[in-house]
Amino acid sequence: MSYVEIGLLLVGLCLLVLGYRRSDRNVLLVAALLLLAAGTIGSFSQGLVDGVRSWAS
């Protein structure tokens, strides 16, 4: 895992707990989006790098 993925995961989990305790739907939404990004950013970045490499050569 890259540092970005770990950072997004930790911030997402903290916001999830905070949003649940305060019953704040907006914080829960942001937490869900951060957790989604943490799970998909690795594949997205690898695909982007592969695409740029194939386009450049």
Is a side-chain N or O of S43 found less than 3.5 angstrom from the main chain of T40, in a donor-acceptor match?
-> no

Note: with side-chain heavy atoms under 4.5 Å as the link, the other cluster members for L29 come out as L33

Nearest 0.5 Å, what's the CZ-CG distance between R53 and L48?
-> 11.0 Å

List, by chain and then residue number, the residues other than V49 in its hydrophobic cluster (Ile/Leu/Val/Met/Phe/Trp/Tyr, side-chain heavy atoms under 4.5 Å); write none if there are no others.
-> none

Contact list for residues 23-35, test side-chain hydrogen bond (donor to acceptor under 3.5 Å, both in side chains), sequence neighbours left out | none

Tell me who clusters with L15, hydrophobic residues only, linked when side chains sit under 4.5 Å apart either directly or through other members.
-> V4, L8, V11, L18, V27, V30, L34, I41

Nearest heavy-atom approach of G12 to A31 is O-CB, 3.5 Å

Side chain to side chain donor-acceptor pair (under 3.5 Å) partners of D50, counting only residues at least two apart | Q46

Same hydrophobic cluster for L13 and L28, using side-chain heavy-atom links shorter than 4.5 Å among ILVMFWY?
-> yes

